[in-house]
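Encoded as structure tokens, the structure appears first; notes follow it.
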Amino acid sequence: MIPERFKAFLLPIALLAILEIWARAVGLQSDSLAPPSAIAVALVEAFQDGSMLTATRDTLISAFAGLSIGGAVGLAFGIALGIFHGFDRLMEVTIEAIRPIPSIALLPIALIALGFGYRMEIVIVAFACVWPILILTRAAVGGIEPRLIEVSRALRLSPVDRVRKIIIPAALPRIFLAFRLAAGIALIVAVTVEIAINPIGLGAAIMTAQQALRPDLMLAYLFWIGLIGYLLNTGLMVAQRHLFGRAALVGDSA
Amino acid sequence: MIAAVNQGANGPSPGRAQIAFSGVTLNLGGKAILENVSLDVKPGEFLCIIGASGCGKTTALRLAAGLYQPTSGTVAFDGKPMLAPRRDIAIVFQDYGKALLPWRTAAGNVSLALEASGMAASQRAARIDELLKKVGLPNHAEKYPAEMSGGMQQRLQIARCLAQEPKALLMDEPFGALDAMTRQGLQDEVLSLVRASDATVVFVTHDLEEAIYLGDRVIGLLPHPGRIGIELKIDLPRPRDQLTTRENPEFLRLRRELFDFIKASEA
């Protein structure tokens, strides 16, 4: 009767229906919960008055700018560490000492140094994104088929060409996976910074709704953040399959 | 310079060696892989190296390619010591599946060697067509390695090596993983490609008949540590033929001699 792919939606729809019925039955009055219908209305209103789009824009700018900067740094260091074992040993202790610092713990320093706004948030997101990309890129480069490195040596490729034509393409499927993971982290950290202190974006909007005793609006933002995360990950997964279908297959069999 | 002059004066072989191993020893991880190997390969010669597994055949080839440096002794090419790989020495690896770039098409894989040599982009396409045609892959330029059979992938690797216009072609058990029919076809193709190019060939194999069929000379290595145990000159007439050459009494005699050598080396 019901197509297989829609089965996964049955449970959430049923839960929403039960929540709605329950909220109406007890005449829900709460600072933390709201019936799904009220959340939907709040969501539409927030889109209509433009506040949702502004907040979404601010959060995504910070998340993507941080992801780009952190990703570039992580990629450069990851490749260098994967290629030069001496450099890897030199940096090992330093990296392992800095990496465990929770990115959000940088907030007080970043706030003093950079003040409120995009810059502070971008720096913290970038810090959080460096590590997964650095670690996974280093592993991807270190795990490249040694025969390919010998081919590049036998052909006497220049160091730049070796990186550009052999190392990056060979490691790219795994580097892309690292970016996908980091994109999720970027969104989480951006919203966290906004909830904690930065008065912009979706995180700050949730806090404003909370303080205005508007659980419907608060939950509407929450739903929207979840949807953005889902769409981001799905989009990147589709891109990954589309870009690396063949290369990923070959790389995994090695 | 002095060493080269001395070699010229005292060397037993007439004509200058293109690849010269003199007293080459290689230790890896404290273990001697090759010990005191001296060997001259003349320009245009087809030398085959055989031996039981673990005798250092592949290592010798990598030394000749400049991918390894000897622990002691010297490896020289055209009289100059090999301190790094050279573009005019091409190496065909046994595991073609790993030596090709899976993200590039057949044409792209050949192109890599042309890009390495700095050929202008505008000239590459014609050269790629020519090379793919030469190895019998004229209609597969846009295929990826994963879409090709083992034999086709090895042809492609050979095309990439020919793109280097090598003076020496080093082949490491290139047909070891292929079925018998494909292997015989490729043996004949390699012979005709080499004859057309005048390249020196060092061909490592564990197939004794393949070594005799292809080579001007066969060297057998003894294991632990690898060293030269036998050297046979192959005077079978060329062009060689899969049926008549293999039925030649001299072929059978050589095969017997190598077989006995391998058996004794494993004992």
Side-chain angles (χ1 to χ4, degrees), chain A residues 75 78-79 82-86 136-137 139-180 236 238-254, chain B residues 58-59 61-69 82-105 108-119 142-148 153 156-158 160-166 168-172:
Chain A
L75 190 64
I79 290 173
I83 295 176
F84 304 111
H85 298 285
L136 290 174
T137 301
V141 170
I144 289 176
E145 172 55 50
R147 198 70 70 246
L148 288 178
I149 304 296
E150 284 189 327
V151 167
S152 73
R153 287 184 60 204
L155 289 172
R156 296 201 62 116
L157 289 181
S158 67
V160 173
D161 272 357
R162 198 180 293 184
V163 171
R164 203 161 60 94
K165 293 180 177 174
I166 305 281
I167 290 173
I168 289 185
L172 204 54
R174 279 174 221 181
I175 292 174
F176 193 87
L177 175 70
F179 267 92
R180 189 157 69 80
L236 288 171
V238 169
Q240 187 179 5
R241 216 169 302 143
H242 184 73
L243 286 171
F244 306 119
R246 189 176 287 114
L249 272 180
V250 176
D252 285 347
S253 71
Chain B
T58 294
T59 308
L61 204 69
R62 274 154 201 264
L63 280 161
L67 290 169
Y68 291 165
Q69 287 300 317
M82 283 284 290
L83 301 174
R86 303 166 50 118
R87 242 178 244 136
D88 55 4
I89 301 179
I91 180 161
V92 177
F93 294 100
Q94 175 182 16
D95 38 10
Y96 40 78
K98 293 177 178 174
L100 295 168
L101 314 186
W103 60 89
R104 285 195 179 207
T105 60
N109 269 282
V110 176
S111 176
L112 184 72
L114 302 177
E115 293 161 29
S117 68
M119 181 184 272
E142 295 313 314
K143 279 200 181 145
Y144 287 89
E147 299 168 326
M148 305 169 85
Q153 290 185 37
L156 177 56
Q157 200 192 172
I158 292 170
R160 185 172 71 196
C161 286
L162 293 177
Q164 293 174 247
E165 297 183 8
L169 191 58
L170 310 176
M171 307 182 88
D172 184 11

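What you see is a predicted model, and the numbers here were worked out from it, not measured in a lab. Values reported hereafter were calculated over all heavy atoms of this structure, with side chains retained and with hydrogens, waters and symmetry mates removed. A note on names: the letters A, B, ... follow the listed sequences, proteins ahead of strands, and every chain is numbered from 1.
- Between A:Arg162 and B:Glu115, none of the side-chain N atoms (NZ, or NE/NH1/NH2) sits under 4.0 Å from a carboxylate O, so this pair counts as no salt bridge.
- With B:Arg160 contributing its side chain and B:Leu112 its backbone, the two residues share no donor-acceptor pair below 3.5 Å.
- The contact between B:Ile91 and chain A is made entirely by side chain atoms (from C-beta outward), counting heavy-atom distances below 4.5 Å.
- Contacts between B:Arg62 and chain A at a heavy-atom distance below 4.5 Å involve the side chain alone, from C-beta outward.
- For B:Ala65, no part lies under 4.5 angstrom from a heavy atom of chain A.
- The side-chain contact (heavy atoms from CB on, under 4.5 Å) test applied to B:Ala90 returns B:Cys161, B:Gln164, B:Pro166, B:Leu169, not counting sequence neighbours.
- Residue contact with chain B, scored on non-hydrogen atoms closer than 4.5 Å, is absent for A:Leu172.
- Checked for salt-bridge contact, A:Arg153 and A:Glu150 miss the test: no charged N lies under 4.0 Å from a carboxylate O.
- Contact tally against chain A (heavy-atom pairs below 4.5 Å) for B:Pro145, B:Ala116, B:Gly66: the top residue is B:Ala116.
- Residues forming a side-chain contact (heavy atoms from CB on, under 4.5 Å) with B:Leu114 (at least two apart in sequence, or on another chain): B:Met119, B:Arg124, B:Arg127, B:Ile128, B:Ala163.
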